[in-house]
Amino acid sequence: AIVIVAALSIPFLGASNFIGKSTNVKADSNVTQTSNITRLGGADRYETSVEISKYGWDKAGTVVIASAESNMDFADAIAGTPLAHSMDAPILLTKHNELPDIVDKEITRLSPKNVIILGGTGVVSTSIEDKLKSKGYSVSRVAGKDRYETSIQIAKQLWTKYPSTSQQVGSDHAVILTTGKQFQYAMSVASTAGNSAILFSDGNTLNQSVSNLLSQDKNLQSINVLGS
C-alpha cells in the first residue's frame, strides 16, 4: 500500500495512530501493479494539512500551528516536525493573519488542551493567537527573530524534553543541519529526524546564533549536514 501526501510537513504521519492503516510500501521487482493507494490532499495546503490530521488523529492533546501563506514559509513547520512528533501532535497550517475556517474547525474536532504556535507574530499574528486563547486553549509560541533562531528555540524544547543523562543519550546528541532557503532538503529529512533537531544555515554561512548553540552543546556528537 502507498500513501501519497501533498503537504509542507508531516509529523511522522501521526505516529502510533497510523498503526493498522495501509501505510506500508513493499517493493518487488516482479510486481508491476500497486493497489491500495491513498492520496491525502485538499483544495490547498491548508485543507491538505487538515486531511493529514483527520487521517492520523481522532483526538489530540496538543496541536501545532505553523504558517504556510508564502512558499518560503516552510521552515518553521519543518523544524517543528520532530517536536510535533514528540508530542504526537498534528501540524496544521495557517495564513499570516487569518486562521482558515477549515483549520479552525479541525482544531475544534481534535479538542486539544494545548496549541503551540511556531514562529513569530510576523508569520502567525497575535490576532490568531488571541482567537485561539479565547476558545479556551492553552496557547504557547515557540519563536525567534527569524527562521534560524526559531529552529534554535524548537531545538531547545526538544533537548529539554529528551535530555542526555548518564543512563541515556538525549536528543542533543545529534542535530541535522540544512539550508533554510530551500524546502526540498529539509522536507526530505523531516520524517526521519526522530528526536533530532533540524537547524538551518543560509546555504553559504552558518548563522552565528546556530553556531553558538552548537558550540555550547556539550553532549553533541554528530552534525548531519544535508545538501551539497
Side-chain angles (χ1 to χ4, degrees), residues 5-15 45 49 52 62 64-93 116-120 122-124 140-165 168-228:
V5 181
L8 260 174
S9 67
I10 312 145
F12 298 79
L13 282 175
R45 61 193 66 187
S49 74
I52 294 170
T62 299
V64 175
I65 303 292
S67 174
E69 185 165 335
S70 162
N71 288 338
M72 284 301 294
D73 285 342
F74 65 87
D76 295 341
I78 290 178
T81 298
L83 182 63
H85 174 250
S86 76
M87 299 177 175
D88 196 14
I91 296 178
L92 294 172
L93 304 179
I116 297 174
I117 297 173
L118 301 179
V123 291
V124 181
S140 60
R141 187 183 290 267
V142 182
K145 68 179 183 181
D146 54 28
R147 64 188 54 199
Y148 308 103
E149 298 206 5
T150 293
S151 72
I152 289 172
Q153 295 306 315
I154 293 170
K156 289 179 178 179
Q157 294 269 332
L158 280 169
W159 294 354
T160 298
K161 190 173 180 65
Y162 299 106
S164 291
T165 68
Q168 67 179 16
V169 174
S171 62
D172 56 354
H173 183 76
V175 299
I176 296 167
L177 181 66
T178 189
T179 177
K181 291 191 172 182
Q182 293 176 287
F183 71 87
Q184 292 91 342
Y185 296 114
M187 187 168 68
S188 69
V189 77
S191 63
T192 63
N195 296 323
S196 297
I198 300 173
L199 300 171
F200 297 119
S201 75
D202 68 4
N204 296 308
T205 59
L206 190 60
N207 176 279
Q208 188 61 52
S209 297
V210 174
S211 178
N212 291 341
L213 180 75
L214 296 177
S215 65
Q216 293 166 6
D217 181 6
K218 297 179 181 179
N219 297 309
L220 185 62
Q221 296 295 315
S222 65
I223 301 173
N224 302 301
V225 180
L226 190 65
S228 58

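If you're wondering where the values come from, they're calculated on a predicted model, not measured in any experiment.
- Considering only heavy atoms from C-beta on, Val210 comes within 4.5 Å of Ile152 through its side chain.
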*Does the pair Leu199 and Ile176 meet the rule for a side chain to side chain contact (heavy atoms under 4.5 Å, CB included), with working shown?*
CA-CA 6 Å; Leu199 300 171; Ile176 296 167; over 6 Å; no
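- Side chains of Thr178 and Val225 form no contact here, defined as non-hydrogen atoms less than 4.5 Å apart.
- In this structure, Ser49 contributes its side chain and Leu93 its backbone to a donor-acceptor pair below 3.5 Å.
- In terms of the side chain to side chain contact (heavy atoms under 4.5 Å, CB included) criterion, residue partners of Asn219 (sequence neighbours excluded) are, by chain and number, Ser164, Asp172, Asp217.
- Listed by chain and residue number, nothing satisfies the side chain to side chain donor-acceptor pair (under 3.5 Å) test with Gln157 (two or more places apart in sequence, or in another chain).
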*Residue pair Ser209, Tyr148: steps toward the side chain to side chain contact (heavy atoms under 4.5 Å, CB included) verdict*: CA-CA 8 Å; Ser209 297; Tyr148 308 103; over 6 Å; no
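- Of the inter-residue distances, the one linking His85 atom NE2 with Ile91 atom CD1 reads 11.0 Å to the nearest 0.5 angstrom.
- Applying the side chain to side chain contact (heavy atoms under 4.5 Å, CB included) rule to Ala75 yields the partners Arg147, Phe200; only residues at least two apart in sequence or on another chain are considered.
- Of all heavy-atom pairs spanning Ala143 and Gly120, the tightest one is CB-N, 3.5 Å.
- Under the rule for a side chain to side chain contact (heavy atoms under 4.5 Å, CB included), the partners of Ser211 that lie at least two apart in sequence or sit in another chain are Leu206, Gln208.
- We find the OH-OG distance between Tyr162 and Ser196 to be 11.5 Å, quoted to the nearest 0.5 Å.
- Judged by distance alone, the side chain of Arg141 and the main-chain N or O of Leu118 form no donor-acceptor pair under 3.5 Å.
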*Take Leu177 and Asn224 through the side chain to side chain contact (heavy atoms under 4.5 Å, CB included) test and state the conclusion after the steps.*
CA-CA 6 Å; Leu177 181 66; Asn224 302 301; over 6 Å; no
*For the pair Leu83 and Val64, evaluate side chain to side chain contact (heavy atoms under 4.5 Å, CB included) and give the outcome as yes or no after the intermediate values.*
CA-CA 9 Å; Leu83 182 63; Val64 175; 5.9 Å; no
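- For Asp202 and Thr205, the side-chain atoms include at least one donor-acceptor pair closer than 3.5 Å.
- The shortest distance between side-chain heavy atoms of Leu158 and Ser86 falls below 4.5 Å.
- Not a single side chain to side chain donor-acceptor pair (under 3.5 Å) links Ser215 to another residue, sequence neighbours left out.
- Put simply, the side chain of Leu214 reaches to within 4.5 Å of the side chain of Leu220, judged on heavy atoms.
- Side-chain atoms of Thr150 never come within 3.5 Å of backbone atoms of Asp76 as a donor-acceptor pair (strictly under, hydrogens ignored).
- Here the closest heavy-atom approach between residue Ala89 and residue Thr62 is recorded as CB-O, 3.0 Å.
- A search for side chain to side chain donor-acceptor pair (under 3.5 Å) contacts involving Ser140 returns nothing, not counting sequence neighbours.
- Of all heavy-atom pairs between Ala79 and Pro82, the closest is O-CD, 3.4 Å.
- Applying the side chain to side chain donor-acceptor pair (under 3.5 Å) criterion to Asp146, with sequence neighbours excluded, gives no partner residue.
- Using a 4.5 Å heavy-atom cutoff, the side chains of Asn71 and Asp73 are not in contact.
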